[in-house]
Protein chains: 2
Amino acid sequence: MSEKKSKTNKVSLSEVALAAGVSKMTASRVLRGEGGYSERTRATVMEKVDELGYLPNRLATVFAGDKTSTFVGVSIPDLGNEVFAQVLEGIDRKLGAFGHQSVLGLTQHTLREEENWIRTVLSWQPAGLILTGRYHSKRALDMLRNANVPVVEIWDLNSSPMDMSVGINHFDSGFEMGRFIVSRGYRKVGYVGTSHDTANAASARLDGFCKAVEGSGGSVARQLCLHDTATYYPGYYGTEQLLGSTRGIECIYYQNDAMAFGGLQFCDAKGMRVPDDIGVAGWGDLPVAAVMRRRLTSVHVPHLKLGQVAAEMMLARLSDEPVEACRDIGFRLIPGSTVKSAETR
Amino acid sequence: MSEKKSKTNKVSLSEVALAAGVSKMTASRVLRGEGGYSERTRATVMEKVDELGYLPNRLATVFAGDKTSTFVGVSIPDLGNEVFAQVLEGIDRKLGAFGHQSVLGLTQHTLREEENWIRTVLSWQPAGLILTGRYHSKRALDMLRNANVPVVEIWDLNSSPMDMSVGINHFDSGFEMGRFIVSRGYRKVGYVGTSHDTANAASARLDGFCKAVEGSGGSVARQLCLHDTATYYPGYYGTEQLLGSTRGIECIYYQNDAMAFGGLQFCDAKGMRVPDDIGVAGWGDLPVAAVMRRRLTSVHVPHLKLGQVAAEMMLARLSDEPVEACRDIGFRLIPGSTVKSAETR
DNA sequence: TTGAAAGCGCTACCAA
DNA sequence: TTGGTAGCGCTTTCAA
């Protein structure tokens with residue numbers, strides 16, 4: 001009947017202005033607090049804002065001002081992996097504290113998903129993008145360049161990023177673990193992880209690991225890449241498969257801690273003694289490790305901090321502060337007690 | 001110099017139209033694939049789109065059409081808690097599959113944070129909101145009503161939701177656990193959890209638990225609410241505190257599995273036998289439980305599914321399909337082996 | 001201190 | 001099958 005005011009039933013700036021007996025412009029100025037109005041005017045306008053329950057339409061703001069939104073697109077492979085959840089938490093908390101919002105994209109570790117998500121999210125005029133991983137499809141790269149939006153690549157440190165990057169060198173972390181394991185007397189080692197359709201951080205770790213092991217007198221007898229998620233149970237049955245098919249494995253390196261915990265349980269269940277009968281090493285240092293009776297040999301990465309730093313870099317860029325393009329936040333090998341203690345032959 | 005075309009350097013629809021030698025409207029129609037143009041026209045337009053690297057500005061679309069965006073605001077207390085990460089994963093995957101994006105809000109379990117986030121996110125004209133929890137500030141409620149946007153309240157089932165709700169009855173899940181523990185012969189029990197500034201699901205569980213225990217011959221000798229996060233280590237030292245200050249506790253109910261795991265480790269470290277010397281029960285059934293040597297007594301909730309269902313309800317509402325306002329997805333008590341087996345009396 | 005006019009990129013609506 | 005015009009809610013720019 002009388003609802004032809006505006007197609008939406010929402011209160012607009014003009015209605016506030018009308019009610020307050022001022023022009024749209026004056027009301028706009030008051031709301032933005034940019035000055036140039038009397039205290040009396042301010043009071044009246046604010047009163048009407050409350051009274052009418054006015055909520056600004058930021059779409060219009062961005063649109064009119066031809067600026068970007070306060071959105072920051074954040075792509076994460078998956079949240080089943082606790083470490084990514086922590087990274088996201090670090091990002092969103094920091095971003096939120098500065099008035100930005102994360103627009104989430106779960107890419108399931110595929111470049112195709114990432115590309116589609118990037119296309120969509122760019123159409124919303126985001127202030128910037130935070131992408132997990134350093135590999136992107138060609139089209140994604142084109143769009144990103146075209147959009148001319150700040151981008152932080154996280155997780156897998158990109159020393160020559162398209163814009164900015166923060167993370168660790170996964171190859172190095174694998175390499176260090178490889179050396180460590182050999183230094184503890186293990187020679188014939190195995191790997192249990194999952195397979196991916198693309199180069200990623202886990203493969204970089206494996207590469208580094210193999211290089212270190214083979215370069216220091218050991219051998220990686222078997223690399224088992226399951227077509228499954230990198231979680232607890234695949235770690236369990238992956239271990240069973242690995243040990244069942246390859247004789248003489250002395251130590252197993254896992255794609256991550258979740259899989260390593262699964263492996264640990266398999267060994268326990270079969271009565272194998274860790275680390276004497278078999279060594280177990282993971283990656284990521286899951287929070288649950290803090291209360292386990294055995295400290296898992298692993299690599300600690302400050303995941304939450306990684307997220308925070310990524311957000312800080314983005315925020316700095318958005319406020320035109322100088323930002324270093326590339327930041328290594330480092331990792332730390334945790335000796336733990338699931339590989340033998342020092343005993344180099 | 002010549003950059004006055006548009007303040008942004010972005011390619012607009014008119015530029016595509018110009019290049020293709022058609023009107024904006026025709027180009028618009030082609031891009032939306034709504035029909036009403038020749039194949040020849042379509043081809044030309046699409047060619048120019050590719051050539052110019054045109055990316056639509058969805059802000060303008062929403063704005064012009066006076067419709068909502070494809071955003072769905074999703075508020076989650078925190079991602080440190082694995083169960084919420086799973087819920088979010090369920091939501092975003094489902095939403096993403098239907099062309100919607102999650103705008104994340106980490107509320108840190110406070111109504112004030114939630115309120116601020118709601119205000120911001122509403123200003124972006126979201127298609128809908130998914131909120132964790134059934135309690136909201138009065139102002140939040142006002143804004144929500146005013147905005148007239150679909151809302152799904154999740155986690156804590158709200159039988160008379162403001163719009164839609166999906167989750168479980170936390171009181172009942174605590175009640176069932178209380179009964180179970182008493183039925184297994186424990187009488188003097190304790191609770192270890194964290195404190196909150198507001199009524200929430202965990203307190204509902206505790207309420208149900210106490211009611212059941214006290215109603216069936218047991219007593220809750222101590223409720224320890226730490227000012228900390230509900231994670232592993234607080235579970236550990238909370239157990240120490242509880243057992244140190246209260247004599248004769250036979251079984252401990254924890255706010256969640258992470259805390260229960262921490263407690264389990266404390267008991268192990270002190271040489272207490274579980275479940276004979278002390279019983280341990282958690283809530284949530286964390287994935288890591290699947291590979292632990294002892295099955296933790298807990299309550300299983302299909303977290304991922306909860307998220308999916310929430311997203312489905314939202315999507316159904318958005319496409320004007322009928323939706324039941326309130327959906328209980330249920331829980332399942334897991335007897336486990338950290339409380340004694342049947343032995344009533 | 002205030003306001004009027006123009007326009008952001010797109011779509012609804014009508015006309016051709 | 002195509003195009004012109006108006007307008008979404010706001011800000012920018014300029015004038016009063």
Side-chain angles (χ1 to χ4, degrees), chain A residues 3-46 48-49 52-70 122-125 147, chain B residues 3-46 48-49 52-70 122-125 147:
Chain A
E3 62 195 22
K4 46 174 49 167
K5 251 255 87 130
S6 144
K7 271 165 277 168
T8 57
N9 41 14
K10 287 160 192 155
V11 184
S12 74
L13 224 209
S14 1
E15 294 173 59
V16 173
L18 188 68
V22 297
S23 73
K24 266 166 42 174
M25 265 322 296
T26 303
S28 168
R29 283 194 268 256
V30 169
L31 277 158
R32 280 174 296 151
E34 58 139 49
Y37 43 78
S38 68
E39 168 52 27
R40 205 168 157 296
T41 310
R42 198 199 59 78
T44 327
V45 171
M46 290 315 274
K48 293 303 170 190
V49 164
L52 300 172
Y54 170 71
L55 266 185
N57 181 341
R58 308 264 263 120
L59 250 38
T61 306
V62 171
F63 189 49
D66 211 5
K67 40 179 75 129
T68 62
S69 67
T70 54
L122 281 179
S123 71
W124 293 111
Q125 320 300 115
Chain B
E3 63 195 22
K4 43 175 52 167
K5 252 260 78 138
S6 147
K7 272 166 275 169
T8 58
N9 41 13
K10 286 160 193 154
V11 184
S12 75
L13 223 210
S14 0
E15 296 173 58
V16 173
L18 189 68
V22 297
S23 73
K24 267 166 46 175
M25 266 321 295
T26 302
S28 167
R29 281 193 270 255
V30 169
L31 277 158
R32 283 176 293 151
E34 59 140 49
Y37 44 78
S38 67
E39 168 51 27
R40 206 169 157 296
T41 309
R42 198 199 59 77
T44 328
V45 171
M46 290 316 275
K48 293 303 170 189
V49 164
L52 300 171
Y54 169 72
L55 267 186
N57 180 341
R58 308 263 261 119
L59 251 38
T61 306
V62 171
F63 189 49
D66 210 5
K67 40 180 71 132
T68 61
S69 67
T70 53
L122 281 180
S123 71
W124 292 110
Q125 319 300 115

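Chain A is the first sequence line, chain B the second, and so forth, proteins listed ahead of strands; every chain is numbered from 1. In what follows, every heavy atom counts, from backbone to side chain, and hydrogens, waters and symmetry copies are set aside.
The phosphate of C:dA12 has OP1 or OP2 within less than 4.0 Å of a side-chain N or O from B:K67. Within the structure, every side-chain polar atom (N or O) of B:S28 is placed at least 4.0 Å from both OP1 and OP2 of C:dC10. At D:dG9, none of the side-chain N or O atoms of A:Y54 fall inside 4.0 Å of OP1 or OP2 (strictly under the cut-off).
The minimum heavy-atom distance linking A:E15 with A:L52 is given by the pair O-CD1, 4.0 Å. Nearest heavy atoms, A:Y54 versus A:L31: CE2-CD1, 3.5 Å. Scanning all heavy atoms of the two residues, the minimum distance from B:A27 to B:L13 falls at CB-CD2, 3.5 Å. Nearest approach of B:R42 to B:Y37, heavy atoms of both residues: CG-CE1, 3.7 Å.
The separation between A:Q125 atom CD and C:dC10 atom C1' is 12 Å, rounded to whole Å. One can place CG of A:L59 at 12 Å from C1' of C:dC8, the figure rounded to the nearest angstrom. As rounded to whole Å, 18 Å separates atom P of C:dC8 from atom CG of A:N57. Atom C1' of nucleotide D:dT12 and atom CZ of A:F63 are separated by 14 Å, given to the nearest angstrom. Taking atom CG on B:L31 and atom P on C:dG9, their separation rounds to 15 Å, with Å as the unit. Taking atom CZ of B:R32 as the reference point, atom C1' of C:dG9 lies 12 Å away to the nearest angstrom. Going from atom CZ of B:R58 over to atom C1' of C:dG9 covers 14 Å, rounded to whole Å.
Counting only heavy atoms from C-beta on, B:L13 has its side chain closest to C:dC10 among C:dC10, D:dT12, D:dC10.
The side chain to side chain contact (heavy atoms under 4.5 Å, CB included) search around A:S69 returns A:V62, A:F71, B:W124, not counting sequence neighbours.
Between A:S28 and A:R32 there is a side-chain heavy-atom pair separated by less than 4.5 Å.
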Which atoms of nucleotides 2-4 of chain C (N or O only) lie under 3.5 Å from a protein N or O atom, and what are those distances?
unit_1	atom_1	unit_2	atom_2	d
C:dT2	OP1	A:S38	OG	3.4
C:dT2	OP1	A:T41	OG1	2.5
C:dT2	OP2	A:S38	N	2.8
C:dT2	OP2	A:T41	OG1	3.2
C:dG3	OP2	A:S23	N	2.9
C:dG3	OP2	A:S23	OG	3.1
C:dG3	OP2	A:T26	OG1	2.5
C:dG3	N7	A:R29	NH2	2.6
C:dG3	O6	A:R29	NH1	3.3
C:dG3	O6	A:R29	NH2	3.4

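With no hydrogens or angles considered, a side-chain donor-acceptor pair links A:S23 and A:T26 at under 3.5 Å.
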